[in-house]
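If you're wondering where the values come from, they're calculated on a predicted model, not measured in any experiment. In the text below, chain A, chain B and the rest are named by the order of the sequence lines, each starting its count at 1.
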There are 2 protein chains.
Amino acid sequence: MARLAGVSTATVSRVLSEPGKVRQKTHDLVMEAVRRSGYIPNSTAQKLRTRRTMNVLVVAPRLTNPVFAEILRGVDDELTQSGYGIIIGNLDNRREREARYVDLALSRQVDGVLLLTGYIPEKGARDMRESGLPIVAMCAAIDDDKIPNVVVQDREATRQAVEYLAGLGHRRFGYISGTPTSIIEHERFRGFREGIAAAGFGEDDFVRWEGYFVFSTGVSAAESFLAMKDRPTGIFAACDESAIGFIKRVREARVRVPQDVSVIGFDGIEFSDYTEPALTTFRQPLHELGRAGADVLLKLIQNGMTPDDWNIRLPLTLLERGTTGPVLHKDYKSLRRSSL
Amino acid sequence: MARLAGVSTATVSRVLSEPGKVRQKTHDLVMEAVRRSGYIPNSTAQKLRTRRTMNVLVVAPRLTNPVFAEILRGVDDELTQSGYGIIIGNLDNRREREARYVDLALSRQVDGVLLLTGYIPEKGARDMRESGLPIVAMCAAIDDDKIPNVVVQDREATRQAVEYLAGLGHRRFGYISGTPTSIIEHERFRGFREGIAAAGFGEDDFVRWEGYFVFSTGVSAAESFLAMKDRPTGIFAACDESAIGFIKRVREARVRVPQDVSVIGFDGIEFSDYTEPALTTFRQPLHELGRAGADVLLKLIQNGMTPDDWNIRLPLTLLERGTTGPVLHKDYKSLRRSSL
DNA sequence: TTGAAAGCGCTAACAT
DNA sequence: ATGTTAGCGCTTTCAA
């Protein structure tokens, strides 16, 4: 290459990576040659030599889920700023896909890993930790004191949701679950039961509809709801999608929201602003979460930070909108009158 | 490494990449050592030596857009199957970000590029073609006979949408645009005008509301619509999001859909199944599109295919649902009566 | 301040 | 069928 245009390969390398260590004149000479030849260093050779790939692996359960997509945006912003690239490991909800990404880590194609999965990916008997790479867990706490957790306060927010419903006068509740094996679901359900207890209710005062983090789960839950004689009036859905599916189905059956049933979602996806009425929900600080996670990972890669402030837990925001309201039930006439 | 456990590095390499060329016994010997030492080849060294990265760059305008996310799923399925990884170039709607990905291509960090942008990314005076890498354009045709196009039939579907509305008796139309600089928007608007003409109408028979591919564009269009004295009754939105925003806003103003105004969207995102009523729209074969594009790119990388069947144009499916219906306007009483 | 030379870990050509 | 060796393109001592 431009080595023909003057100097040694070492000097070119210096000009490009440590411009201070070279004489101005040589610098200009080299830059001119670079410009003319259109030279761009081969990054693979750089990686091999320096043993840094400048890439980070992000493993996510499903990319079409707007929650993960939005987190990824935050991650991308932070990483791009520091010159890192993203290799994306999309499991598409199929755990068998994770083996591939374990190999990726083991073969050192990345400098660090961001996990949106809630667990450590495995391949046979080996797991991703063996790579020795820095790993940061997001979206759900991983119980390993070598792995920082950057998460949202799922449990607290869910508890608060129940208390909010209880405060509106509701006394029979419904819980529409997310994917049962997911840690996130586990946390949210735990928060839900805490809220039930805190509001002075017991295990008999709610029904739980099992499902996944998808629209159709809300529809199934609604079918079951509609078939009940003594329906709950305060419904919490573990994600906005199922809240939306639920509402659509019950309204088709002429059940009014929020007059007959209040529904509160979780996530605060953009879509929740555009339902009729707009969905009451907790908004996750997804973009911020993404940035925070990437930031911790970068620190880990660059200087090996210590376990202080490792565990970040971001708060959520309650969006009080149209799908929740006071109970309009015979037992609550008095309460209703006084609260209006 | 396991070289200590028996043979030469070359043999290990052969066992791992061309198992046929080695004796069964040596093979087993090596594999055993590999297993025991947990050896995984350094992929960077492989890349440098073989000059293949086994990675593909996918450049997308915005990842939180469900259309791109879904295409990416298809791309991922196809690429993963062939052992290729994805490096994701998310522009997040900011063109200045594309320079980074031009560098990525120029520095040969990938074997090929998939463009969901509708144009060739540039950096200063250079563009991505200079990398000499195979490039496939998706989502919008790029006019370069070295670049295959794998797209959907935007124009035809939009024309068909207008004809569908006209068939329902509508005679004043509205067009809610996408991002004006986008080629996709251009194609759709072109199809729209073709449809207008084909149905026997002219440039005065429709209004065009400018915007972007987002929910809020539909809301703005609705504001403008509500302020009109002689409102159109047949609305086409260049994406589902703006159709949904439009419908929400006009319904708030007690305009009935589809009795007072029919709305047809474009894309067929999952959300469109859950609006009330469900949105009439054209569904894009996004997953299939992703696979098809990746497939063409892989062929290009592997054997340099010839320009036959380069240009794939997938059809869309009209989903006739609740937001469109026959005109219920004084001028159309007769038509209405006869068609019911 | 610059150049010469070694070597990152692998694969492929050649030799055995 | 296997080993030896050169070298992918760069960065980084070490020497000049």
Report the distance from atom [atom1] of [X] to atom [atom2] of [N], rounded to the nearest whole Å.
| X | N | atom1 | atom2 | value |
| --- | --- | --- | --- | --- |
| B/N42 | D/dC8 | CG | C1' | 13 Å |
| A/L48 | D/dG7 | CG | C1' | 12 Å |
| B/M54 | C/dT11 | CE | C1' | 15 Å |
| A/R108 | C/dC8 | CZ | P | 16 Å |
| B/R49 | C/dC10 | CZ | P | 13 Å |
| A/L16 | D/dT11 | CG | C1' | 12 Å |
| B/E18 | C/dC10 | CD | C1' | 13 Å |

Please determine whether a side-chain nitrogen of the Lys or Arg among A/D295 and A/K299 lies less than 4.0 Å from a carboxylate oxygen of the Asp or Glu.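 So A/D295 pairs with A/K299 through a salt bridge.
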Rounded to the nearest 0.5 Å, what's the gap from CG on A/L114 to CG on A/L297? Could you check?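 Between A/L114 CG and A/L297 CG, I get 5.5 Å after rounding to 0.5 Å.
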Polar side-chain atom of A/T179 near backbone of A/T181 as donor-acceptor pair, under 3.5 Å: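 Checked: no pair found.
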Would you list the atom pairs, donor with acceptor, under 3.5 Å between side chains in residues 126-139 of chain A and any protein atom, with sequence neighbours excluded?
unit_1 : atom_1 : unit_2 : atom_2 : d
A/R126 : NE     : A/E130 : OE1    : 3.1
A/R126 : NH1    : B/G38  : O      : 3.4
A/R126 : NH2    : B/G38  : O      : 3.3
A/D127 : OD1    : A/R129 : N      : 2.7
A/D127 : OD1    : A/R129 : NE     : 3.4
A/D127 : OD2    : A/R129 : NE     : 3.3
A/D127 : OD2    : A/R129 : NH2    : 2.8
A/R129 : NH1    : A/D144 : OD2    : 2.6
A/E130 : OE2    : A/D127 : N      : 3.2
A/S131 : OG     : A/M128 : O      : 2.7
A/S131 : OG     : A/L133 : N      : 3.1

Find every protein N or O atom lying less than 3.5 Å from an N or O atom of nucleotides 2-4 of chain C, and list the pairs.
unit_1 : atom_1 : unit_2 : atom_2 : d
C/dT2  : OP1    : A/R23  : NE     : 3.1
C/dT2  : OP1    : A/R23  : NH2    : 3.1
C/dT2  : OP1    : A/T26  : OG1    : 2.1
C/dT2  : OP2    : A/R23  : N      : 2.9
C/dT2  : OP2    : A/T26  : OG1    : 3.2
C/dG3  : OP2    : A/S8   : N      : 3.2
C/dG3  : OP2    : A/S8   : OG     : 3.2
C/dG3  : OP2    : A/T11  : OG1    : 2.5
C/dG3  : O6     : A/R14  : NH2    : 2.5

List in chain and number order the residues that pass salt bridge (charged side-chain N to carboxylate O under 4.0 Å, His left out) with A/R100, two or more places apart in sequence or in another chain; answer none if no residue qualifies.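 Partners of A/R100 by the salt bridge (charged side-chain N to carboxylate O under 4.0 Å, His left out) criterion come out as none, since no residue qualifies.
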Please report the shortest heavy-atom distance between A/D111 and A/M54, naming the atom on each side.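 A/D111 and A/M54 have their closest heavy atoms at OD2-N, 2.8 Å.
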